[in-house]
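Worksheet for the structure shown next.
Bear in mind the structure is a predicted one, so any value in this text is a computation, not a measurement.
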Amino acid sequence: PTPPPPASPPPSPPPPFPPLKLKLNARAESATPSRRSRFLLSAEPLAGQPVQLIYDYLNTTVDTTLDVYLADSVTGSNLDGGALLNFCATDICAIGKGATNTSLHLLGRTSPPDMVRTSRLVSEANQAVAEQASGMVVSSYTYAYALVIDLVIIREVVPGASLQETAAELEAEAAARVEAMANALGLGAFSLSSTVTTPPRPPPSSPPSAPPPLSPPPS
């Protein structure tokens with residue numbers, strides 16, 4: 001008799017959730033009397049002190065990535081951020097999000113063994129050169145120790161927990177870290193905006209094809 005075909009293998013289990021990333025930003029912006037008010041997080045109490053103090057409070061686990069910036073505020077007309085970046089006093093400078101031709105932030109990345117800088121990223125003399133070369137007009141250039149912190153925490157979603165639960169735990173953990181740092185170092189009020197990102201789950205793998213049935217033995 002012909003042997004019965006082999007049973008189909010069970011379907012592959014769904015792939016696990018990939019690592020969950022939460023990016024939390026403490027943005028340095030002046031408070032405005034509106035529903036979307038943000039508070040200034042100022043590093044002025046740490047002027048001239050090691051940036052390591054900030055990292056000690058926030059970069060505490062292996063699942064954390066931390067970037068710290070000190071920001072300068074620039075207003076004027078026909079602003080050219082690239083022309084200003086040419087004269088940036090640190091190796092890693094960038095233009096903050098939301099820049100326009102009348103207002104922008106210059107971000108200077110800082111990390112140990114740096115000290116919290118006490119001077120602006122672009123000197124007055126170099127600002128004048130940049131204005132002349134680009135045709136922009138700077139009406140105000142301010143360095144007020146504005147602090148921008150990008151804190152990224154990566155965490156696996158453990159079995160039995162939902163993506164939403166893990167995201168809420170991460171947000172609470174990140175906020176607690178920043179609050180402890182701000183209170184301990186006397187940095188005052190701060191604002192937090194957080195986003196949760198996770199790469200798409202890979203499609204389930206196809207079950208292996210069943211082997212062809214055995215041919216009946218010759219009669």
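- In this structure, Y69 OH and I149 CD1 are separated by 11.5 Å, a value rounded to the nearest 0.5 Å.
- Note on V138 and L104: same hydrophobic cluster, where clusters join Ile, Leu, Val, Met, Phe, Trp and Tyr whose side-chain heavy atoms are under 4.5 Å apart, directly or indirectly.
- A donor-acceptor pair is defined here as one N or O able to donate and one able to accept, closer than 3.5 Å; such a pair exists between the side chain of N183 and the backbone of E179.
- The heavy-atom pair separating L187 from M181 by the smallest distance is CD1-SD, 3.3 Å.
- When all heavy atoms of A83 and A130 are compared, the closest pair comes out as O-CB, 3.8 Å.
- Inter-residue side-chain proximity for L46 and L185 is flagged as met; some heavy-atom pair is nearer than 4.5 Å.
- In the hydrophobic cluster analysis, where Ile, Leu, Val, Met, Phe, Trp and Tyr join through side-chain heavy atoms closer than 4.5 angstrom, V116 is grouped together with Y57.
- For the pair Q127/R120, a side-chain contact is recorded, criterion being any heavy-atom separation below 4.5 Å from C-beta on.
- The closest donor-acceptor contact from the side chain of Y143 to the backbone of R117 lies under 3.5 Å.
- Among residues two or more places apart in sequence or in another chain, the side-chain hydrogen bond (donor to acceptor under 3.5 Å, both in side chains) test is passed with S139 by T75.
- Between V122 and D72, every side-chain heavy-atom pair lies at or beyond the 4.5 Å cut-off.
- Hydrophobic clustering (side-chain heavy atoms under 4.5 Å, transitive across Ile, Leu, Val, Met, Phe, Trp, Tyr) groups L58 together with L70.
- A pairwise comparison of heavy atoms in A47 and T118 identifies CB-CG2, 4.0 Å as the closest pair.
- Residues passing the side-chain hydrogen bond (donor to acceptor under 3.5 Å, both in side chains) test with D67 are R109, sequence neighbours excluded.
- Contacts of S77 classified as side-chain hydrogen bond (donor to acceptor under 3.5 Å, both in side chains), with partners at least two apart in sequence or in another chain: none.
- The two residues C93 and G108 have their closest heavy-atom pair at SG-CA, 4.4 Å.
- For the atom pair CD1 of I95 and CG of L84, the computed distance is 6.5 Å after rounding to the nearest 0.5 Å.
- A continuous path of hydrophobic side-chain contacts links L85 to V129 [ILVMFWY only; heavy atoms under 4.5 Å].
- Not one N or O on the side chain of Y141 forms a donor-acceptor pair closer than 3.5 Å with the backbone of S123.
- For D80 (side chain) and M136 (main-chain N/O), no donor-acceptor pair under 3.5 Å exists by modelled atom type.
- Residues L79 and T100 are not in side-chain contact: their nearest non-hydrogen atoms beyond the backbone lie 4.5 Å or more apart.
- Using a 4.5 Å heavy-atom threshold, the side chains of L121 and F87 count as separate.
- Taking CG from L147 and OG from S42, the interatomic distance works out to 8.0 Å, rounded to the nearest 0.5 Å.
- Judged by distance alone, the side chain of E44 and the main-chain N or O of A144 form no donor-acceptor pair under 3.5 Å.
- In terms of hydrophobic clustering, with Ile, Leu, Val, Met, Phe, Trp and Tyr side chains grouped at heavy-atom distances under 4.5 Å, Y145 and I54 are assigned to a common cluster.
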